[in-house]
Amino acid sequence: PLYPEDLTVAEILKKAGYLTAGFGKWGLGNQGSQGAAEKQGFDTFFGYYNQVHAHDYYTSHLFRNSERVDLNGPLHDVIANGERTERKGRYSHYAIYDETRKFIRESAASGKPFFCYAAWTPPHSNLVIPADDPAWGLYKDKEELPGRAKAVAAMNSMVDRHVGELLGLLEELKIDDNTIVFFTSDNGASRPWPGVLDSCGELRGFKGSSYEGGIRVPMVVRWPGKIKAGTVSDLPWYFPDVMPTLAELAGVSNEVPKDTDGISIVPTLLGNGVQKLSLIHI
């Protein structure tokens, strides 16, 4: 788990008056530990604290700030790794998604700035999606796709739909123009499905590999009126750049530790200023 003295992005943004919340998978300290999200700068965390627990989409429970939340429900028809079966309870991603929307609504109503860390799990490990989810309907009759490929494609489309609904929510709440959205993955596809889905494109390797297919992923950034739509940058950046970038956007760059490896990419995002580059000394 993280140590109490470790500094997170959420802790830095709280110094700028931000409400902070995380939804999905944490993996940096189990519930109740010193590394638990709510002890690391998050006002609220809802989801899985443990990465192994996050393999189960029909778990009996999730956690909110280390308190157990039961996911009760009847039997449902589901697609598990491409095969129809049954699971009891509530689909965990639906619960996590609902909590994400609730936080955004409540934060907008408060008038305070907010940081929403949506570390959703699909598609991950066991490929499971409710049989009545509209995304499964897009692929269930595609005979050219193997079962597991159908399942991962459906989960991707489900996430795509939910991201679109969140963008619509920002517009509904009239906070679209002053909300910056980052969308990315933590690694390449767990299976590239060459010639079927081509999930890693032309890149060699996949998740677990240090070839580009395992570590190189797109970062999509959206900020209406600030970032020109359709702009593409070839600037290589990585996750340690997130803290300096968000800190500069929030006006608290002075709170970033001097020995942080990352750099701010705000000049690249906004198309002005001088973009510094990361230099790694070996």
Side-chain angles (χ1 to χ4, degrees), residues 18-25 44-48 54 57 62 76 78-79 90-109 113-124 127-142 145 149-190 193 197-201 217-233 239 242 245-246 249 269-270:
Y18 278 67
L19 302 174
T20 59
F23 305 95
K25 182 173 70 170
T44 301
F45 180 81
F46 179 83
Y48 304 95
Y57 287 101
L62 293 172
H76 297 276
V78 305
I79 307 301
R90 187 180 182 197
Y91 189 54
S92 63
H93 175 67
Y94 287 173
I96 290 166
Y97 173 63
D98 287 347
E99 291 287 329
T100 307
R101 291 180 60 90
K102 179 182 176 183
F103 171 74
I104 293 174
R105 281 193 177 278
E106 291 178 348
S107 298
F114 64 89
F115 170 56
C116 179
Y117 172 53
W120 297 345
T121 54
H124 181 241
L127 303 173
V128 180
I129 188 170
D132 60 357
D133 190 285
W136 174 246
L138 298 174
Y139 302 98
K140 65 178 183 179
D141 296 325
K142 292 187 178 295
L145 295 180
K150 290 181 184 180
V152 72
M155 295 179 86
N156 282 334
S157 291
M158 174 186 66
V159 169
D160 184 58
R161 181 182 79 242
H162 285 161
V163 170
E165 289 174 359
L166 287 189
L167 297 181
L169 177 61
L170 298 178
E171 294 178 2
E172 174 193 331
L173 298 172
K174 302 187 186 307
I175 57 174
D176 188 41
D177 289 344
N178 62 329
T179 303
I180 183 168
V181 177
F182 294 82
F183 181 87
T184 190
S185 174
D186 56 351
N187 46 249
S190 59
W193 296 101
L197 299 178
D198 292 314
S199 300
C200 294
V217 295
M219 167 65 85
V220 181
V221 190
R222 180 182 185 270
W223 194 2
K226 299 286 187 177
I227 299 175
K228 184 179 179 181
T231 302
V232 178
S233 171
F239 282 103
V242 171
T245 300
L246 298 192
L249 290 168
L269 293 176
L270 300 184

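For this chain, numbers begin at 1 and follow the sequence in order.
The nearest pair of heavy atoms linking Gly47 to Leu62 is O-CB, 3.7 Å. Nearest heavy-atom pair, Val217 versus Gly188, reported as atom, atom and distance to 0.1 Å: CG1-N, 3.8 Å. Scanning all heavy atoms of the two residues, the minimum distance from Leu197 to Ala149 falls at CD1-O, 3.7 Å.
Put simply, the side chain of Phe182 does not reach to within 4.5 Å of the side chain of Val242, judged on heavy atoms. Ile96 places a side-chain heavy atom less than 4.5 Å from the side chain of Tyr48. For the pair Ile180 and Ile227, the minimum side-chain heavy-atom distance is below 4.5 Å. In this structure, Leu249 and Thr245 have side chains that are in contact, with non-hydrogen atoms separated by less than 4.5 Å. Using a 4.5 Å heavy-atom cutoff, the side chains of Thr231 and Leu269 are not in contact.
Among the candidates Leu173, Ile104, Leu170, the single residue satisfying the side-chain contact (heavy atoms from CB on, under 4.5 Å) test with Thr179 is Leu170.
Every residue meeting the side-chain hydrogen bond (donor to acceptor under 3.5 Å, both in side chains) condition with Thr100, not counting sequence neighbours, appears here in chain and number order: Trp120. With sequence neighbours excluded, the residues that form a ring-ring contact (aromatic ring centres under 6.0 Å, His included) with Phe103 are Phe23, Phe114. Here Glu172 pairs with Arg105 under the side-chain hydrogen bond (donor to acceptor under 3.5 Å, both in side chains) rule; sequence neighbours left out. For Tyr91, the ring-ring contact (aromatic ring centres under 6.0 Å, His included) test picks out Tyr57, Tyr58, Tyr94, with sequence neighbours left out. Annotation: side chain to side chain contact (heavy atoms under 4.5 Å, CB included) contacts of Ala189 (sequence neighbours excluded): Ser199, Cys200. Checked against ring-ring contact (aromatic ring centres under 6.0 Å, His included), His162 has the following partners two or more places apart in sequence or in another chain: His93, Tyr97. For Ser233, the side chain to side chain contact (heavy atoms under 4.5 Å, CB included) partners are Leu235, Thr268, not counting sequence neighbours. With sequence neighbours left out, the side chain to side chain contact (heavy atoms under 4.5 Å, CB included) criterion links Lys25 to Gln51, Ala54, Thr121, His124. With sequence neighbours left out, Glu106 forms a salt bridge (charged side-chain N to carboxylate O under 4.0 Å, His left out) with no residue at all. Every side-chain hydrogen bond (donor to acceptor under 3.5 Å, both in side chains) that Asp98 has, sequence neighbours left out, goes to Arg90. Under the rule for a side-chain hydrogen bond (donor to acceptor under 3.5 Å, both in side chains), the partners of Ser157 that lie at least two apart in sequence or sit in another chain are Tyr139. Pro224 pairs by the side chain to side chain contact (heavy atoms under 4.5 Å, CB included) definition with Asp176, Asp177, Arg222, not counting sequence neighbours.
Note that the CG atom of Leu145 and the CH2 atom of Trp193 stand 9.0 Å from one another [nearest 0.5 Å]. Distance CZ/Arg161 to CG/Asn156: 12.5 Å, rounded to 0.5 Å. The CD1 atom of Ile79 sits 12.0 Å away from the CG atom of Leu127 when rounded to the nearest 0.5 Å. Rounded to the nearest 0.5 angstrom, Cys116 SG and Leu166 CG are separated by 7.5 Å.
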